[in-house]
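Remarks on the structure that follows.
Letters A, B, ... mirror the listed sequences (proteins, then strands); counts begin at 1. We use all heavy atoms of the structure for the numbers below, so side chains are in, but hydrogens, waters and symmetry mates are not.
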Amino acid sequence: VRSFNSVLNVVVKAGRLDRGLDFYEHVIGCRKDIVPNVLTFNLVVKCLCRLGRIDRAVELFREMPNWDCVPDVFTYCTMMDGLCKVGRVDEAVSLLDEMQIEGCFPSQVTFNVLINGLCKKGELVRAGRLVENMCFKGCVPNEVTYNTLLHGLCSVGKLDKAVSLLNHMVSRKCLPNDVTYGTLVNGLVKQGRAVDATTLLLFMEERGMRPNEYIYSSLLSGLFKEGRVEEAMQLWKDMITKGCKPNTLLFSVLIDGLCRAGKPDEAKGFLSQMVDDGHAPNAFTYSSLMKGYFKAGNSNEALQLWMEMEANNCVRNLVCYSVLIDGLCEEGKLKEAMEVWEHMLGSGCKPDAVCYSSLIHGYCRAGLVEQGLNVFNEMLFQGGQCKPDVITYNILFDGLCNSNNISQAIDLLNCMLDHGCDPD
RNA sequence: GACUACCAAAAGGU
């Protein structure tokens, strides 16, 4: 079992989750001498969670006693994290009670997982209460706890609170690490304060820390989004001078930034460079670049990249399809856009509200509002992740009003309200 | 118990 677990762990760490599950099922099915133990279950539960098969994970978790396995802290933690990551925080919190009833003591990590779940949902008050509970149970908050809370504060824009928490953290002899700085830099950038983020970067360097790729990418992306192209390029050069080797993430951010600045050709030069450096472009890289070319009115080049993706076995996800569909629609190439749409459905990619809205916008622009409404009705019918949102409705209002169809627009407004969607 | 758990990052629609 130990060797089996080791192998399984390696497979899971490599991100080959489906392979991991197959391997598990295969081995358990035909090797009666290998009996899964708690650690095996912990790994498999993690696999199922990461694959989004959370209900199956819970099921397996409940079946453990049938295999003479008692869930341990790790099991509970893995299960709680899985639940939190799909937003089912309350169920995760109830496991905290359950584990204690079963005589299993929660650890620092257990609390961190739940605090993270609450912070991601914006439930900072509950998160704070959990920190108190944590201390009460004899668990000391560590860097991860603080980083999690800092991220929670930053994502609701409470940077002042974040700074006081940072001071508190230091006073508790908890040293800020890479993640701490990354969280703060990103928090500043998201507030449109890339200049302050640059200062923080300097501060961090003065303290002898070397910013990593995450930190550089946050800042770089922020500078480009604020239109500070010169500063962004200077940062890129400085970064390389300081010995930071750009990876796929950094190249993608740079390419995206240059495209936003209307320089897709320059961006494409970096695409070649990253490939030469041995970094494979991914869906992020290509979608940014394709959008850049569409924006510059060069759809041929965008399509070229689309083909290149296929040739390079780069997985085309929903965002890539959306960029392509939107770009083609904007050029009035509705027929081609529909072909891509069919191709997307055929590849098993399910359109979401953004993707549907791009298509609807395409029809409206071409004066085919009726067609747009058909697509809209399909969205309502499909439900789930492609429920129309405010933007979808706004696109249709615009289309209907432009064709002087006020009464249908009013009907649509009622439909919107009926579906619980708030106008902006 | 180094066979298992927690934190920061980039792309799409008005």
Side-chain angles (χ1 to χ4, degrees), chain A residues 1-10 12-13 37-46 72-82 84 107-117 119 142-152 154 177-187 189 212-221 224 248-257 259-260 282-292 317-327 329 352-362 364 389-399 424:
Chain A
V1 206
R2 284 185 63 135
S3 341
F4 168 60
N5 286 341
S6 301
V7 175
L8 190 57
N9 183 35
V10 170
V12 175
K13 283 255 161 69
N37 63 13
V38 196
L39 288 91
T40 318
F41 282 107
N42 293 348
L43 283 166
V44 177
V45 166
K46 180 175 174 176
D72 63 5
V73 215
F74 290 86
T75 325
Y76 279 105
C77 219
T78 310
M79 203 58 253
M80 288 170 166
D81 190 45
C84 285
S107 68
Q108 242 179 357
V109 179
T110 316
F111 283 105
N112 288 343
V113 166
L114 295 174
I115 292 168
N116 187 34
C119 284
N142 63 3
E143 322 85 79
V144 176
T145 321
Y146 285 107
N147 290 342
T148 305
L149 291 167
L150 284 173
H151 186 245
C154 287
N177 60 15
D178 285 7
V179 178
T180 317
Y181 285 107
T183 305
L184 292 171
V185 165
N186 191 48
V189 159
N212 63 18
E213 294 87 347
Y214 286 85
I215 301 177
Y216 278 121
S217 70
S218 287
L219 183 51
L220 194 66
S221 149
F224 275 119
T248 298
L249 166 66
L250 271 163
F251 272 112
S252 303
V253 170
L254 177 69
I255 288 172
D256 182 69
C259 285
R260 283 178 198 276
N282 60 19
F284 283 88
T285 328
Y286 279 112
S287 58
S288 293
L289 201 46
M290 286 194 300
K291 177 147 181 66
N317 63 16
L318 184 55
V319 176
C320 299
Y321 278 108
S322 307
V323 169
L324 190 57
I325 289 166
D326 184 58
C329 284
D352 63 1
V354 175
C355 198
Y356 267 109
S357 305
S358 301
L359 187 62
I360 293 175
H361 190 202
C364 289
D389 60 17
V390 209
I391 300 181
T392 318
Y393 286 103
N394 288 344
I395 290 169
L396 282 164
F397 288 136
D398 202 41
D424 62 7

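For A:T78 and B:A5, a side-chain-to-base donor-acceptor distance below 3.5 Å is absent, hydrogens and geometry of angles not being considered. A donor-acceptor contact under 3.5 Å is formed by the side chain of A:S357 with the base of B:G13. A donor-acceptor contact under 3.5 angstrom links the side-chain atoms of A:N282 to the base of B:A10. With hydrogens and angles ignored, no donor-acceptor pair closer than 3.5 Å exists between the side chain of A:N9 and the base of B:C3.
Residue contacts shown for A:N317 include a base, since a base heavy atom lies under 4.0 Å away. Contacts of A:C84 with the nucleic acid, taken as non-hydrogen atoms under 4.0 Å apart, are absent. Note on A:N142: nothing from the nucleic acid sits closer than 4.0 angstrom, heavy atoms only. Counting any heavy atom pair closer than 4.0 Å across all strands shown, A:L8 reaches no nucleic acid atom. If you check every strand for non-hydrogen atoms under 4.0 Å, A:T248 touches nothing. If you check every strand for non-hydrogen atoms under 4.0 Å, A:S252 touches a base. Residue contacts shown for A:V179 include a base, since a base heavy atom lies under 4.0 Å away. When heavy atoms are screened at a 4.0 angstrom cut-off, A:S107 is found touching base atoms of the nucleic acid. A:S358 comes within 4.0 angstrom of the backbone, heavy atoms only, and of no base.
Comparing B:G12, B:U14, B:G13 by their closest approach to the side chain of A:N394 singles out B:U14. The side chain of A:S288 lies closest to B:A11 when the candidates are B:C6, B:A9, B:A11. Considering only the side chain of A:I215, B:A8 comes nearest among B:A8, B:C7, B:G12. Comparing B:G13, B:G12, B:A8 by their closest approach to the side chain of A:S322 singles out B:G12. Residue A:N212 has its side chain nearest to B:A8 when only B:A8, B:C3, B:G13 are considered. Each of B:A11, B:A5, B:G13 was ranked by its minimum atom distance to the side chain of A:A283; first place goes to B:A11. Checked against B:C3, B:U14, B:A10, the side chain of A:I395 finds its nearest nucleotide in B:U14. Here the side chain of A:D326 is nearest to one of B:A10, B:A8, B:G13, namely B:G13. Among the nucleotides B:A5, B:G12, B:A10, the one closest to any side-chain atom of A:F74 is B:A5. The A:N112 side chain lies nearest to B:C6 when the options are B:A8, B:C6, B:A11.
Between the CZ atom of A:F41 and the P atom of B:A5 there is a distance of 17 Å, rounded to whole Å. Rounded to an integer number of Å, the gap from CD1 of A:I391 to C1' of B:U14 is 6 Å. Atoms CG (A:L43) and P (B:A5) sit 7 Å apart, rounded to a whole Å. When the C1' atom of B:G13 is taken as reference, atom CD1 of A:I360 falls 10 Å away, rounded to whole Å. Distance, A:N42 CG to B:C6 P: 11 Å, rounded to whole Å. For the pair A:Q108 CD and B:C7 C1', the computed distance is 12 Å after rounding to whole Å. Between the C1' atom of B:A9 and the CZ atom of A:F224 lies a distance of 16 Å, rounded to the nearest Å. Taking atom CG of A:L249 as the reference point, atom P of B:A9 lies 11 Å away to the nearest angstrom.
Expressed to the nearest 0.5 Å, how far CD of A:E143 lies from CG of A:N112 amounts to 9.0 Å.
Rounded to a whole angstrom, the distance from the P atom of B:C6 to that of B:A2 is 16 Å. For the P atom pair drawn from B:C7 and B:C3, the interatomic distance equals 22 Å after rounding to whole Å.
Taking side-chain N and O atoms only, A:K46 has a distance below 4.0 Å to OP1 or OP2 of B:A5. The side chain of A:R260 contributes an N or O atom lying less than 4.0 Å from OP1 or OP2 of B:G12. Regarding contacts with the backbone of B:C3, every side-chain N or O of A:K13 stays at 4.0 angstrom or more from both OP1 and OP2.
The closest side-chain heavy-atom distance from A:N42 to A:V45 is not below 4.5 Å. With a 4.5 Å cut-off on side-chain heavy atoms, A:C320 and A:M290 count as touching. Inter-residue side-chain proximity for A:F224 and A:L254 is flagged as met; some heavy-atom pair is nearer than 4.5 Å.
Residues forming a salt bridge (Lys or Arg N to Asp or Glu O under 4.0 Å) with A:D81 (at least two apart in sequence, or on another chain): A:K85. Looking at residues two or more places apart in sequence or on another chain, you find no ring pair (Phe, Tyr, Trp, His ring centres under 6.0 Å) involving A:Y216.
The side-chain ring of A:Y214 is stacked on the base of B:A8, judged by centre separation under 5.5 angstrom and plane angle under 30 degrees.
Paired with A:S357 under the rule side-chain hydrogen bond (donor to acceptor under 3.5 Å, both in side chains), one option of A:D352, A:T392, A:D389 passes, and it is A:T392. Among A:T183, A:D178, A:N177, the one residue that satisfies the side-chain hydrogen bond (donor to acceptor under 3.5 Å, both in side chains) test with A:N147 is A:N177.
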